[in-house]
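Here the structure comes first, spelled out in structure tokens, and everything after it is commentary.
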Amino acid sequence: MDYTLREIAKMIDHSLLNPTLTVEGLEQGIRTALEHDVASVCILPYYLKCCGKPLRGSGVKASTTIGFPHGGQATAVKAAEARQALDDGGEELDMVVNLSQVLSGDWDYVRADIRAVVELAHARGAKVKVIFENCYLGNSEKVRLCEICGELRPEWVKTSTGYGPGGSTLEDLRLMRAHSPPEVQVKAAGGIRDLDSFLAARAAGATRIGCTRTEAILAECRRRLGL
């Protein structure tokens with residue numbers, strides 16, 4: 001096996017984005033992330049500020065979403081969301097591209113929309129993951145988005161929100177990895193519910209993976225490693 005438990009845990013963005021999660025559920029999710037020392041907690045935006053204190057000094061990053069889940073907000077609104085998230089202690093921002101403009105082929109708009117969030121985040125020392133929502137796109141749109149992100153240098157390109165009709169696929173991960181520069185990593189999200197699918201995404205080029213089933217995946221990882 002070419003991985004350790006810590007390596008797998010540090011690939012996980014523990015997802016707390018289900019709109020029906022209660023405060024109790026959000027708090028339990030933060031405790032789970034801390035217990036397993038994952039990469040980040042990706043939490044509903046309104047609760048981001050509340051997770052900053054328990055995460056401080058832990059090595060688990062505080063992250064949230066921008067333009068979620070469909071990306072149709074005006075660029076100024078996405079920028080305002082990003083400023084609020086940064087003010088609330090967000091260290092990583094997962095933003096959704098404007099799908100309508102991607103499918104309309106208005107690449108100048110798409111580029112400016114992504115740039116607005118990337119520049120705000122980078123000016124404050126935060127990182128950005130740009131969500132394509134690949135289930136709605138053809139390969140040509142995915143490749144063009146990779147090229148634009150290669151110019152703008154977010155830290156990750158990301159397959160999906162997890163809330164569209166389709167999630168991450170190995171084909172998409174390989175495509176995104178092939179068409180992104182080495183400095184831009186790839187994040188998988190949507191449909192990764194067990195260790196085998198997790199490891200397959202890793203082999204296809206993903207360095208971060210959005211998970212809701214963090215505990216089950218890491219329990220299986222421990223079992224296989226004999227820990």
Side-chain angles (χ1 to χ4, degrees), residues 10-13 15 39-42 45 48 59-69 71-103 105-134 136-137 139-162 168 172-190 201-202 204-210:
K10 282 302 184 184
M11 289 180 64
I12 293 175
D13 287 344
S15 179
S40 85
V41 171
C42 194
L48 177 62
V60 178
K61 304 293 187 184
S63 64
T64 194
T65 57
I66 307 297
F68 209 75
Q73 294 87 340
T75 300
V77 173
K78 288 182 178 177
E81 285 187 87
R83 288 190 197 95
Q84 184 67 55
L86 294 165
D87 289 346
D88 288 346
E91 298 170 272
E92 297 181 355
L93 307 181
D94 291 41
M95 74 158 290
V96 188
V97 300
N98 187 308
L99 290 163
S100 173
Q101 291 286 44
V102 170
L103 292 168
D106 191 340
W107 297 111
D108 289 340
Y109 184 104
V110 173
R111 182 183 290 102
D113 193 57
I114 297 170
R115 180 187 288 116
V117 174
V118 169
E119 289 184 349
L120 277 167
H122 286 179
R124 300 273 293 272
K127 297 180 179 182
V128 178
K129 307 175 190 106
V130 177
I131 305 172
F132 294 4
E133 200 69 297
N134 284 333
Y136 295 119
L137 306 178
N139 283 350
S140 62
E141 286 98 4
K142 298 168 195 174
V143 170
R144 189 72 188 100
L145 284 169
C146 287
E147 292 170 349
I148 289 170
C149 289
E151 299 167 19
L152 300 177
R153 289 296 197 270
E155 282 69 24
W156 285 270
V157 289
K158 178 177 170 182
T159 60
S160 328
T161 64
S168 175
D172 280 342
L173 289 170
R174 294 184 188 113
L175 181 78
M176 293 165 76
R177 181 63 277 157
H179 291 278
S180 299
E183 298 83 4
V184 179
Q185 301 172 68
V186 180
K187 177 178 172 180
R202 178 175 178 263
T207 60
R208 281 287 184 91
I209 296 179

Approximate separation, where rounding is to 0.5 Å, of Asn134 CG and Lys158 NZ: 11.5 Å
Counterpart residues, salt bridge (charged side-chain N to carboxylate O under 4.0 Å, His left out), relative to Asp88 (two or more places apart): none
Atom of Val184, atom of Pro154 and distance for their closest heavy-atom approach: CG2-O, 3.6 Å
Donor-acceptor pair, side chain of Lys78 and main chain of Ile114, under 3.5 angstrom: no
Please table the atom pairs, donor to acceptor, closer than 3.5 Å between any side-chain atom in residues 143-152 and protein atoms at least two apart or in another chain.
unit_1	atom_1	unit_2	atom_2	d
Arg144	NH1	Glu147	OE1	3.1
Glu151	OE1	Arg111	NE	3.0

Minimum-distance pair of heavy atoms, taken over all atoms of Ile66 and Ala85: CD1-CB, 4.3 Å
Counterpart residues, side chain to side chain contact (heavy atoms under 4.5 Å, CB included), relative to Tyr109 (two or more places apart): Thr75, Asn98, Gln101, Asp106, Asp113
Evaluation steps, side-chain contact (heavy atoms from CB on, under 4.5 Å), between Lys187 and Met176: CA-CA 10 Å; Lys187 177 178 172 180; Met176 293 165 76; over 6 Å; no
Under the side-chain hydrogen bond (donor to acceptor under 3.5 Å, both in side chains) test, residues paired with Ser100 that sit two or more places apart: none
Partner set under side chain to side chain contact (heavy atoms under 4.5 Å, CB included) for Ser15, not counting sequence neighbours: Leu17, Thr212
Smallest separation among heavy atoms of Pro69 and Val96, with atom names: O-CG1, 3.8 Å
Partners passing side chain to side chain contact (heavy atoms under 4.5 Å, CB included) against Lys61 (at least two apart in sequence or in another chain): Ser40, Glu91, Glu92
Listed partners of Thr161 passing side-chain hydrogen bond (donor to acceptor under 3.5 Å, both in side chains), at least two apart: Glu133
Which atom of Ala121 lies closest to which atom of Leu93, heavy atoms considered: CB-CD1, 4.1 Å
For Arg174, side-chain hydrogen bond (donor to acceptor under 3.5 Å, both in side chains) partners two or more places apart: none
Verdict with reasoning, Lys127 to Trp156, per side-chain contact (heavy atoms from CB on, under 4.5 Å): CA-CA 8 Å; Lys127 297 180 179 182; Trp156 285 270; 4.0 Å; yes
Residues in salt bridge (charged side-chain N to carboxylate O under 4.0 Å, His left out) contact with Arg124, at least two apart in sequence or another chain: Asp87
Check: Phe132 and Leu99 side chains under 4.5 Å, non-hydrogen atoms: no
Contact summary for Asp13 and Ala39, nearest pair of heavy atoms: OD1-CB, 3.9 Å
Approximate separation, where rounding is to 0.5 Å, of Thr159 OG1 and Leu137 CG: 11.0 Å
Main-chain N/O of Arg208 paired with Gln185 side-chain donor or acceptor, under 3.5 Å: no
All side chain to side chain contact (heavy atoms under 4.5 Å, CB included) counterparts of Ala206, not counting sequence neighbours: Leu173, Ala188, Ala201, Ile209
Considering all heavy atoms, the nearest Ile131-Ser160 contact: CG2-C, 3.4 Å
Salt bridge (charged side-chain N to carboxylate O under 4.0 Å, His left out) against Lys10, all qualifying residues, sequence neighbours excluded: Asp37
Side chain to side chain, Asp94 and Phe68, heavy atoms closer than 4.5 Å: no
Arg202 (side chain) donor-acceptor with Gly205 (main chain) under 3.5 angstrom: no
